[in-house]
Every structure is written in structure tokens, then in C-alpha cells.
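Down below is the structure, laid out as C-alpha cells.
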Amino acid sequence: MAQLPNNEQVLRALSRVQEPDLKRDLVTLKMIENLTVDASGISFTVMLTTPACPLKDKIEADCRAELAADFGDMPVVISMSARTLGQKTGRDLLPGVKNVVLVASGKGGVGKSTVAANLAVALARTGASVGLMDADIYGPSMPMMFGLQGQRPAMEGDKIVPIKKHGVHVLSIGLLIDEKQAVVWRGPMASNALRQFFTDVIWGELDYLLIDLPPGTGDIHLTLAQLLEVAGAVVVTTPQQVALADARKGAAMFNMTSINIPLLGVIENMSWFTPIPHPEERYFIFGKGGGRALAEEFGVPLLGQIPLVQGIAEAADQGQPVVLHEGNPSAVYYADLAGQVARAIAIRNVG
Ligand SMILES: Nc1ncnc2c1ncn2[C@@H]1O[C@H](COP(=O)(O)OP(=O)(O)OP(=O)(O)O)[C@@H](O)[C@H]1O
Ligand SMILES: [Mg+2]
């Protein structure tokens, strides 16, 4: 039998494998762990920067190809694992949360909350630990979307514990106050209520905390920018021109010096209509290309396009985000979106 390679030789082969997004090799990025070489073969773990990495399969295949080039048919066992990167100094109100992501829109009703709920569930399904905070204190929608109406979160001492549903830790003002009680928040009260969502809540250790913002540009956005180190914001728009004009304002707000939150990308919702019995058909009822144009204007990626499909609204009303419905055409778009959002954050975190 040929002589066994040593660890250095294996690492030399693996240093020819690039992380396609981060544009550096796996060894330089310190992504190879637990390397062992013995008579049974080569075994190691590739530690990805997010469990939602869309390039997982390609990276594994590239590792196998480089090892085969140097060591022939020696058996190779690769475990793909992840330790989500974060870039915070840990000096904000949520030191245990690695990445805070704002889900924003300029205009109301474009599907921001639907996107936030499904994105959160899709990220959690990759194995990431995910929280979802409903910062829409004027019109909270998460209790309904997650089927949590009438439930109250548990307390630990004087702190609130978010409710875990569909793998996501959810908190909303709608879980704390009577739904019929009118919520009339004035500016300072709103900021205070929001602050308590961080100071009085046990969010624990999370890879991603998504924050569903109220529509438009306002106090809430500014307050969040002051309280938290935010990894970035995603802006949701529909393809229509009117929605785009507002989305542009929403996106521009994050570039303001007082806010200065990186824009991770654009998500286009209701991009086309697809009838469930004909998943290959696309009807562009609201126009076409708006999300891409906005992304290009701001120099950020178009992270995803979600079709208008039957079942999204019904699923939301029944507390079952549609991404959980295997046969629904939108489920695959949300899974893809989760990968793209995680990817945009990882690229930014590696710098
Ligand atoms: N892709 C889609 N296909 C079908 N229906 C959708 C889709 N996205 C959202 N909806 C429906 O559109 C309506 C508005 O969505 P949603 O509440 O998520 O919007 P929003 O932007 O959060 O609104 P608001 O500005 O009031 O917070 C809901 O009834 C939702 O179920
Ligand atoms: Mg909403």
C-alpha cells in the first residue's frame, strides 16, 4: 500500500479549494477542522460561515476533486458544519445575537411581514438559530402568521422569553397586550417600548435576529440603529413603479449618516403569478424587472424574487408560513432566498 499522506500534504491539496464567495481558499479561511489521516482514509470537517450556505455542495465536491488529484482513490469523509460569523463588537444591547437583520420597505402592504416570517422559518430549517422580532408596534402581524393568537410568552424572573414556533423564537407586541386594545404610540413611547424588546427579553444566543419593521421611514428605524449593531437591512418591494419609488426612499434611508446601516440587498415580492396546477407558467401582472433595477441603482444584489401564489395569504392566516408547505411553488424560492441572505451577510462579515 502507498505511504499515507501527512496533514500538511492534505492541507496543501485543500488550499487549492476556493470559497467562491469569500474568494479565498479554505485553509487560509481556517475552515478545515478535525483533520485526521490514517489507514481508513482522510477525514475532516469543513466549517462554513453559515449553515444556510448555498455553495455547500460545490465546496464539498471541490474538496473531493483536489484530494483525488493528489491521493487517488483514498477514502475521504467530509462533514459539513457551520459556525455562523458575526461582526459585532458585542457592546450593543444583544451581545448573544451574531447578526441583526432589518426587513424594511418603503410602502406598506408589499409583503414585508410575510417575507420576514418565511425567511425566518427557512433560515431556521438550515439549522441556524433564528429569532424574529415584530417591530411593527402599530400593526403587529406575527401572532397571526405564527398561529400564536391568545398565547402569552413565559417569564423568567422579570424577563420575557420569546415563544418558539416553527423553529423560530418569536416576539411581538401582539403577544404582550390585548389585541383589541388600541395601540396609539407616540414617538417617545414607541422608542421606549422598542427598547424594552431588547432590555427585558431573553433572546439568548442567535445566529440571526430578523426584525420586521413597520412600513415607511421613521422613528422606529432610527431607534433601532441607535440601540443595536445591525448587520444589514433588506428592502422588500413589488415590481410596480409606485412601490419602487417608495422602496427607493426606504433604501436611501439606510445610507443616511444618522442611520448608516448596510443595505444587504433587495427582495422582490409578488414578482409574477404562478397558478399552482401550472408551476411552469409565469404571469407578470405587476410589471417586470423593478426589483433588479432598484438593486442595481443601489449597487446591491437582488437576493430573491417571490412569486404571487395562492396559499401564501391563507397559510399566513392559519399561522403556517407557506415555506412549510412542501408542494407550494413559493417554498423553494424562500429556501433559496434564505441562502442568499445568509451569503450576503457572510460576505460582509469576512470583509
Ligand atoms: N407572494 C405573495 N403571494 C400571495 N399573497 C401574498 C404574498 N406576499 C404577501 N401576500 C399577502 O399580502 C398581504 C400583505 O402582506 P404583509 O402583511 O406581509 O405585508 P406588509 O408589507 O408587512 O404590510 P404592512 O405594511 O401592513 O406591514 C397579506 O394578506 C399577505 O398574505
Ligand atoms: Mg407588516
Side-chain angles (χ1 to χ4, degrees), residues 101-122 132-149 168 170-175 179 183 185 190 194 210-218 220-221 224 233-240 242-247 249-251 253 266-276 279 281-288 290-291 302-325 327-338:
V101 181
L102 308 184
V103 182
S105 74
K107 190 171 174 286
V110 295
K112 176 175 18 63
S113 301
T114 309
V115 166
N118 283 286
L119 179 58
V121 174
L132 175 59
M133 195 193 111
D134 186 353
D136 193 345
I137 55 173
Y138 306 98
S141 37
M142 292 311 161
M144 188 175 77
M145 289 192 180
F146 278 80
L148 296 171
Q149 298 105 314
V168 176
V170 185
L171 191 66
S172 165
I173 192 86
L175 298 172
E179 272 168 72
V183 191
W185 302 96
L194 210 60
L210 304 190
I211 302 187
D212 180 28
L213 295 175
T217 54
I220 301 271
H221 303 64
L224 284 172
V234 294
V235 170
V236 181
T237 183
T238 58
Q240 286 140 295
V242 275
L244 277 173
D246 286 312
K249 276 184 224 146
M253 176 193 60
V266 173
I267 301 171
E268 190 185 77
N269 187 30
M270 310 193 197
S271 297
W272 57 80
F273 172 70
T274 292
I276 288 187
E281 289 175 14
R282 294 182 174 188
Y283 299 93
F284 294 88
I285 47 185
F286 294 136
K288 205 170 172 177
L302 176 64
L303 297 166
Q305 292 176 292
I306 309 291
L308 180 79
V309 285
Q310 286 153 274
I312 288 193
E314 289 88 332
D317 291 351
Q318 291 157 11
Q320 287 274 335
V322 75
V323 67
L324 295 166
H325 296 214
N328 192 290
S330 65
V332 23
Y333 293 96
Y334 276 117
D336 185 58
L337 175 65

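Position 1 is the first residue of the sequence; numbering continues from there. Whatever order the structure lists them in is the order used to number ligands and atoms, beginning at 1.
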Do [X] and [Y] make a side-chain contact, defined as non-hydrogen atoms from C-beta onward lying under 4.5 Å apart?
| X | Y | answer |
| --- | --- | --- |
| Pro321 | Met145 | no |
| Asp246 | Val110 | no |
| Arg282 | Pro307 | no |

Can you say whether the rings of Tyr333 and Trp272 are parallel (under 30°), tilted (30 to 60°) or perpendicular (over 60°)? perpendicular
Output the set of protein residues with a heavy-atom contact under 4.0 Å to ligand 1, ordered first by chain identifier and then by residue number.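 Around ligand 1, where the cutoff is 4.0 Å for heavy atoms, the contacting residues are Gly108, Gly109, Val110, Gly111, Lys112, Ser113, Thr114, Asp136, Met145, Pro215, Asn269, Met270, Pro307, Leu308, Val309, Ile312, Ala313.
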Main-chain N/O of Val323 paired with Asn118 side-chain donor or acceptor, under 3.5 Å: yes
Search all heavy atoms of Ser113 against all heavy atoms of Met142 and return the closest pair with its distance. O-CE, 3.4 Å
Who passes ring-ring contact (aromatic ring centres under 6.0 Å, His included) against Tyr334, sequence neighbours left out?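 With sequence neighbours excluded, Tyr334 shows a ring-ring contact (aromatic ring centres under 6.0 Å, His included) to no residue whatsoever.
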Would you say that more than 12 heavy atoms from the other residues, nucleotides or ligands in this model lie under 6.0 Å from the CZ of Phe284, or not?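 Yes, the 6.0 Å shell around CZ holds more than 12 heavy atoms from other groups.
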Excluding sequence neighbours, so at least two apart, what forms side-chain hydrogen bond (donor to acceptor under 3.5 Å, both in side chains) with Thr238?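 Partners of Thr238 under the side-chain hydrogen bond (donor to acceptor under 3.5 Å, both in side chains) test: Gln240.
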What is the number of protein N/O/S atoms located under 2.8 Å from the Mg ion (ligand 2)?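 With waters ignored, the protein N/O/S count below 2.8 Å is 1.
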